[in-house]
Amino acid sequence: MADHISVAVLGTGIMGTAMARNLARAGYDVRAWNRTRARAEPLTADGIRVMDTPGEAVDGADTVLTMLLDGPAVLDAMTAAAPRLAPGTLWLQMSTVGIEGTAPLAAFAAAHGLRYVDAPVLGTKDPAEQGQLTVLAAGPADVRERAAAVFDVIGRTTRWVGDDGTDGRASRLKLVLNSWVLTVINGVGEAVALAEGLDVDPRDFLAAVDGGPLDLPYLRMKAEAILSGDLRPSFTVSAARKDARLIAEAAAASGVRTDLAAAAAERLRRAEEQGHGDEDAAAAYHASFGD
């Protein structure tokens with residue numbers, strides 16, 4: 001069946017690259033487009049056709065998968081692809097676009113007769129490369145089997161949370177999850193920085209929580225990234241800052257005060273201004289020092 005499924009992947013950053021590779025390795029016909037073509041070129045080694053335009057990528061594709069930075073970037077790519085999008089094409093919108101970002105995309109899907117599935121993912125570089133993402137999905141029941149043909153390759157599980165992708169239910173859940181992710185990332189950075197400021201060995205902190213209720217794998221992963229200085233990105237500071245902004249905007253619109261999200265956004269902003277925007281979000285640790 002895979003040989004007969006054609007998937008256009010628009011956006012080959014950290015996540016899109018891993019998704020495209022896993023789909024190609026599963027035998028799918030994969031075409032890819034990225035705004036900076038050079039970043040997509042390595043995918044040719046996996047048998048993926050790298051296209052110059054979004055339109056070339058989606059031409060004849062059964063499924064379009066978007067994995068771009070934000071809502072405007074997704075809309076720009078799909079608008080460019082519009083002349084070659086066939087009505088009935090399945091659109092798996094997997095970028096983190098927030099609540100306000102969903103409405104223009106849903107309107108675009110309706111205007112072009114696309115079957116729209118709101119499907120952001122939980123996970124970063126390593127889970128994406130291993131096909132172990134958690135897919136958060138909302139969309140019509142009659143497209144779920146088609147969507148599963150892709151989701152089951154790129155993820156370990158799919159959690160369907162609604163029958164209407166246009167209401168942003170899955171994207172709302174993603175914001176809730178990312179609020180927790182950013183809380184942990186920034187909490188780790190502050191704890192490590194405080195330990196260093198108080199002349200405490202950060203590894204004594206990690207040893208003290210080892211195996212207890214305060215311990216968790218993500219704490220150790222991000223602490224090790226900071227302590228080793230290995231800040232190769234799985235989720236960049238700039239992307240995290242964008243998500244913090246989406247969380248804060250959604251919270252304000254719903255009447256919820258999220259002090260931690262606002263603080264996270266500020267720490268990420270400082271880290272970005274210090275030149276850490278393309279490093280892993282754990283680099284927000286650096287915002288604890290300097291102006």
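From a predicted model like this one, the values you see are computed outputs, not experimental measurements.
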Among side-chain atoms of [X] and [Y], is any donor-acceptor pair under 3.5 angstrom?
X: Asn34; Y: Thr36; value: no
X: Gln93; Y: Ser95; value: yes
X: Ser6; Y: Arg31; value: yes
X: Ser171; Y: Asp118; value: yes
X: Ser288; Y: Arg267; value: yes

From CA spacing to verdict: salt bridge (Lys or Arg N to Asp or Glu O under 4.0 Å), Arg245, Asp243: CA-CA 5 Å; Arg245 175 180 58 79; Asp243 286 358; over 6 Å; no
Under a 4.5 Å cut-off applied to non-hydrogen side-chain atoms, are [X] and [Y] in contact?
X: Ile185; Y: Val181; value: yes
X: Leu227; Y: Pro202; value: yes
X: Thr63; Y: Leu92; value: yes
X: Arg49; Y: Thr44; value: no
X: Val150; Y: Leu23; value: yes
X: Tyr116; Y: Val143; value: no
X: Leu219; Y: Val209; value: yes
X: Leu133; Y: Arg156; value: no

Gap separating the [atom1] atom of [X] from the [atom2] atom of [Y], nearest 0.5 angstrom:
X: Leu10; Y: Thr66; atom1: CG; atom2: OG1; result: 6.5 Å
X: Glu272; Y: His286; atom1: CD; atom2: NE2; result: 14.0 Å
X: Arg169; Y: Ile99; atom1: CZ; atom2: CD1; result: 11.0 Å
X: Met94; Y: Leu68; atom1: CE; atom2: CG; result: 12.5 Å
X: Arg241; Y: Glu266; atom1: CZ; atom2: CD; result: 8.5 Å
X: Tyr218; Y: Trp180; atom1: OH; atom2: CH2; result: 11.5 Å

Walk me through it: do Lys222 and Asp280 pass the test side chain to side chain contact (heavy atoms under 4.5 Å, CB included)? CA-CA 9 Å; Lys222 295 307 175 184; Asp280 190 81; 2.9 Å; yes
Looking at Asp230 and Arg232, does any basic side-chain N land under 4.0 Å from a carboxylate oxygen?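 Salt bridge flag = yes for Arg232 with Asp230.
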Cationic N near anionic O, under 4.0 Å, Arg203 to Glu224: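 Yes, charged N to carboxylate O under 4.0 Å.
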Chi angles and distances behind the side chain to side chain contact (heavy atoms under 4.5 Å, CB included) call for Gln130, Asp126: CA-CA 6 Å; Gln130 297 160 13; Asp126 286 348; 4.0 Å; yes
Within a 6.0 Å radius of atom [atom1] on [X], are there more than 12 heavy atoms belonging to other residues, nucleotides or ligands?
X: Asp278; atom1: CG; answer: no
X: Glu273; atom1: CD; answer: yes
X: Arg146; atom1: CZ; answer: yes
X: Arg144; atom1: CZ; answer: yes
X: Arg159; atom1: CZ; answer: no

Minimum heavy-atom separation for [X] to [Y], with atom names?
X: Thr102; Y: Gly98; answer: OG1-O, 2.8 Å
X: Ala225; Y: Leu231; answer: O-CD2, 3.8 Å
X: Ala264; Y: Leu182; answer: CB-CB, 4.5 Å
X: Trp33; Y: Thr53; answer: CD1-C, 3.5 Å
X: Ala149; Y: Ile5; answer: CB-CD1, 3.9 Å
X: Ala24; Y: Ile48; answer: CB-CG1, 3.6 Å

Say whether, by atom type as modelled, one donor and one acceptor occur between the side chain of [X] and the main chain of [Y] under 3.5 angstrom.
X: Glu196; Y: Ala191; result: no
X: Thr236; Y: Pro233; result: no
X: Arg172; Y: Asp167; result: yes
X: Thr89; Y: Leu85; result: no
X: Thr124; Y: Ser234; result: no
X: Arg84; Y: Pro54; result: no
X: Asp59; Y: Gly55; result: no
X: Lys174; Y: Val121; result: yes
X: Thr17; Y: Ile14; result: no
X: Arg270; Y: Ala287; result: yes

Hydrophobic clusters here meaning ILVMFWY residues chained together by side-chain heavy-atom distances under 4.5 Å, can you tell me if [X] and [Y] are in one?
X: Leu90; Y: Phe108; value: no
X: Tyr28; Y: Leu65; value: yes
X: Val117; Y: Val7; value: yes
X: Phe235; Y: Val192; value: yes
X: Val30; Y: Leu43; value: yes

Which residues pass the salt bridge (charged side-chain N to carboxylate O under 4.0 Å, His left out) test with Glu56, not counting sequence neighbours?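 Salt bridge (charged side-chain N to carboxylate O under 4.0 Å, His left out) list for Glu56, sorted by chain: empty.
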Excluding sequence neighbours, so at least two apart, what forms salt bridge (charged side-chain N to carboxylate O under 4.0 Å, His left out) with Arg25?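 Once residues adjacent in sequence are excluded, the partners of Arg25 under the salt bridge (charged side-chain N to carboxylate O under 4.0 Å, His left out) criterion are Asp46.
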Go through the steps for Met78 and Leu114 under the test side chain to side chain contact (heavy atoms under 4.5 Å, CB included), then give the verdict. CA-CA 11 Å; Met78 291 298 284; Leu114 307 179; 3.9 Å; yes
I'd like to know whether Lys242 forms a side chain to side chain contact (heavy atoms under 4.5 Å, CB included) with Leu246, so could you lay out the CA-CA distance, the side-chain angles of the two residues, the decisive distance to 0.1 Å, and finally the verdict. CA-CA 6 Å; Lys242 179 266 298 183; Leu246 293 177; 3.6 Å; yes
Cation-pi between Arg115 and Trp91: NZ/CZ under 6.0 Å from ring centre and within 45° of the ring axis? no
Arg35/Asp76 under salt bridge (Lys or Arg N to Asp or Glu O under 4.0 Å): CA gap, chis, key distance, verdict: CA-CA 11 Å; Arg35 184 177 61 179; Asp76 284 349; over 6 Å; no
